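As the structure is a prediction and not an experimental result, all values here were calculated from the model. Below, all heavy atoms of this structure are taken into account, side chains as well, without hydrogens, waters or symmetry copies.
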Amino acid sequence: MTDSNPSSPTSSSGDKPMDAIMALCKRRGFIFQASDIYGGINGFWDYGPLGAQMKKNLREAWWQDMILNPCWGRKGPNGDRVRCVPVETRIIQHPKVWEASGHVGGFNDPMVDDKETKQRFRADHLQGLYQAGGFGEPLAEMLARAASAQGVVPLCTVVASTSGEAVDQLVKTRKLQKDLGIRAITARAPLTDAARMFVDVEIGNVKACCEVLAVPMPTLKDRAGEVPSPFTGKKGALTEPRQFNLMFKTIVGATGTEDDAAYLRPETAQGIFVQFKNVVDTTRVKIPFGIGNTGTSFRNEVTPRNFTFRSREFEQAELEFFCHPDESQAWYAFWRDFRMEWWKSIGLAGDNLILREHDKDELSHYSCGTSDVEYRFPFTSPGFGELEGIAHRGDYDLTQHQKHSGVKLDYFDTTRGETLPNGSRKGERYLPHCIEPAAGLDRGVLALICEAYTVDPSRPSPELMKFHPRIAPIKAAVFPLMDKEGMPDVAEKLYDDLFAAFGKTGFIEMDAKQSIGKRYARMDEAGCPYCFTIDGDTLKDQTVTVRDRDTGKQERIALDRVNGFLTEKVGA
RNA sequence: GCGGGUGUAGCUCAGUGGUAGAGCGUCACGUUGCCAACGUGAAAGUCGAGGGUUCAAGUCCCUUCACCCGCUCCA
């Protein structure tokens, strides 16, 4: 464990300079801008050698602790060892997958901006007051006139999700009426079908019966300049409705047309749900169990921002843990707590990490519980940014895919149901509930970098990265104090030994150039936890010095103990 | 999408219309030998990009791209 001293000048969260962290990331080859020599491309970042290895270490730690040896061998709430299996599902799935998951529909709300007040709202929430007819006009005629008035601009507008709400707003909000020049307004009783709402209004000297309905799209598109703003009543302030396509569209097939349109996934989870039945049918897994998937996802973020935090291409590590509905709350709590513990175990141990349970009104309609593991990034401070969401998704996803695909996705549980005379159980058929710990690997890397970044002016190397040894991209470095007198040979031998033992976990470096202090400083910036130096005494008594990155302290250990020392500190 | 800021060597930055610069870093050689040591030398730049004004543009104007900050958005 790397000690992050809470009293050190830069460990207190948000006061770390993001500019300096970004500069170090580039200088040492952690993170580069994508397509840098062409000027970069908005929302995309590449990893350099150290960053790529570091992210691999994070992904492998996840895989080890979630798939191969879930929860470090800990027992789940059912008293048994937690069992998980991996899948690797594709970035491109059948387009219907995204209809079933709700991503396609949900992503496509056209938005309108008020250029003056800078307010943005969903276009279909813009409700207009259309003049339908004067007082006393027969309802039937009024309706006919209103119908033919489609495409006509409304007298005034408000933002509300339904016509009913809009009428309420118009009637209740005095200020609104004043701003809009309405002298009097009364709601008529809703029509029996309640689909159309009418009010009687006086605007200026005109008395009229008006219909309240959403401003039709053709009106907004072609005559946006004439539609009054819902906030100021002014015309010409509204933009045309703009579609925010958060899904990445692509074409499948070399000669494909729009008919072959597909989407790049916005999350890996759906690939898991779609393969749930195949995994159950072929793998001898029994509920409760999890299916994990790591991989790249894409979202056309409205505003990519904050270094790699909100990128358009990012990697997720998601687990979908399936269980009986009765046990789902217990598993939810179990995973929520373990995931928090896990992030702590790899170096996010301070106050900068929190577990935040979502409020009821924050929850998706299908979720009965969601928690975020959040980190206080320098750019979110004093607030926090999400690293991982642990969601209780109920049976929402399997239900959706069952409905859209027409394939039964329920599970026959032979450990449940009444006990039969022969001692076996009758069994129970049910749609499993699902707990989803979904982590962002790129956000994880960024959090680990921010947490590790330390400035200590009292040191000869004031800037250092205090990575947890498990995450550090460089595991160890070997330095011959002098590049002569037999030291390089001993160093070469030690380097070979360490490379053989630890080379699969990360880089092992050897450096004979320049002063020893400069070599230590280089390794500090790269976050290498231990440096082994061969000096004059090594040749006499077969001992080397080990320098600890975080303390700068040195101890002498026997040359043949180096391997054991590193195994103990770094793991093999 | 709006507003503000930034963009010159790998990094930090200077350069207010007249020859492209410094420090650090990197590399080579030498000296040194346990904490960014010293000397000598070298490499490294489409001054973010495109256009314009001008005898002359890193510098002034326009457009554009990227990043940062604040709004907005965030299934």
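Residue side chain A/Arg519 does not reach the base of B/C35 through any donor-acceptor N/O pair under 3.5 Å, judged by distance alone. For a distance-only test at 3.5 Å, the side chain of A/Asp535 qualifies as a donor-acceptor partner of the base of B/C34. Put simply, the side chain of A/Glu301 and the base of B/C74 share no donor and acceptor less than 3.5 Å apart. For B/C34, its base never sits under 3.5 Å from the side chain of A/Arg547 at any donor and acceptor pair. In the interface, the side chain of A/Arg522 is not paired with the base of B/G25 through any donor and acceptor atom under 3.5 Å apart. Taking 3.5 Å as the limit, the base of B/C65 and the side chain of A/Tyr38 contain no donor-acceptor pair of atoms between them. Under 3.5 Å, the side chain of A/Ser461 and the base of B/C35 form no donor-acceptor pair of N or O atoms.
By the 4.0 Å N-to-carboxylate-O rule, A/Asp548 lies too far from A/Lys569 to be salt-bridged with it. Looking at A/Lys493 and A/Asp489, no side-chain N of the basic residue comes within less than 4.0 Å of a carboxylate O on the acidic one, giving no salt bridge.
Note: CG (A/Leu24) to P (B/G10) measures 17 Å, nearest angstrom. In this structure, the CD1 atom of A/Ile37 is 13 Å from the P atom of B/A49, given to the nearest Å.
Nucleotide B/G17 is matched to nothing when pairs are restricted to Watson-Crick or G-U wobble geometry with both distances under 3.5 angstrom.
A/Phe307 comes within contact range of the sugar-phosphate backbone alone, with a heavy-atom separation under 4.0 Å but no base atom that close. Note on A/Glu525: a base of the nucleic acid sits closer than 4.0 angstrom, heavy atoms only. Base contact: A/Gly552 has a heavy atom under 4.0 Å from a base atom.
Closest to the side chain of A/Ala521, out of B/C34, B/U12, B/A36, is B/A36. If you check B/C67, B/C69, B/C34 against the side chain of A/Leu481, the one that comes closest is B/C34.
The six-membered or imidazole ring of A/Phe532 lies away from that of A/Phe502, with a centre-to-centre distance of 6.0 Å or more.
Contact between the side-chain N/O atoms of A/Asn42 and the OP1/OP2 oxygens of B/C65 is not found at any separation under 4.0 Å. For A/Asn306, a side-chain nitrogen or oxygen approaches OP1 or OP2 of B/C69 to under 4.0 Å.
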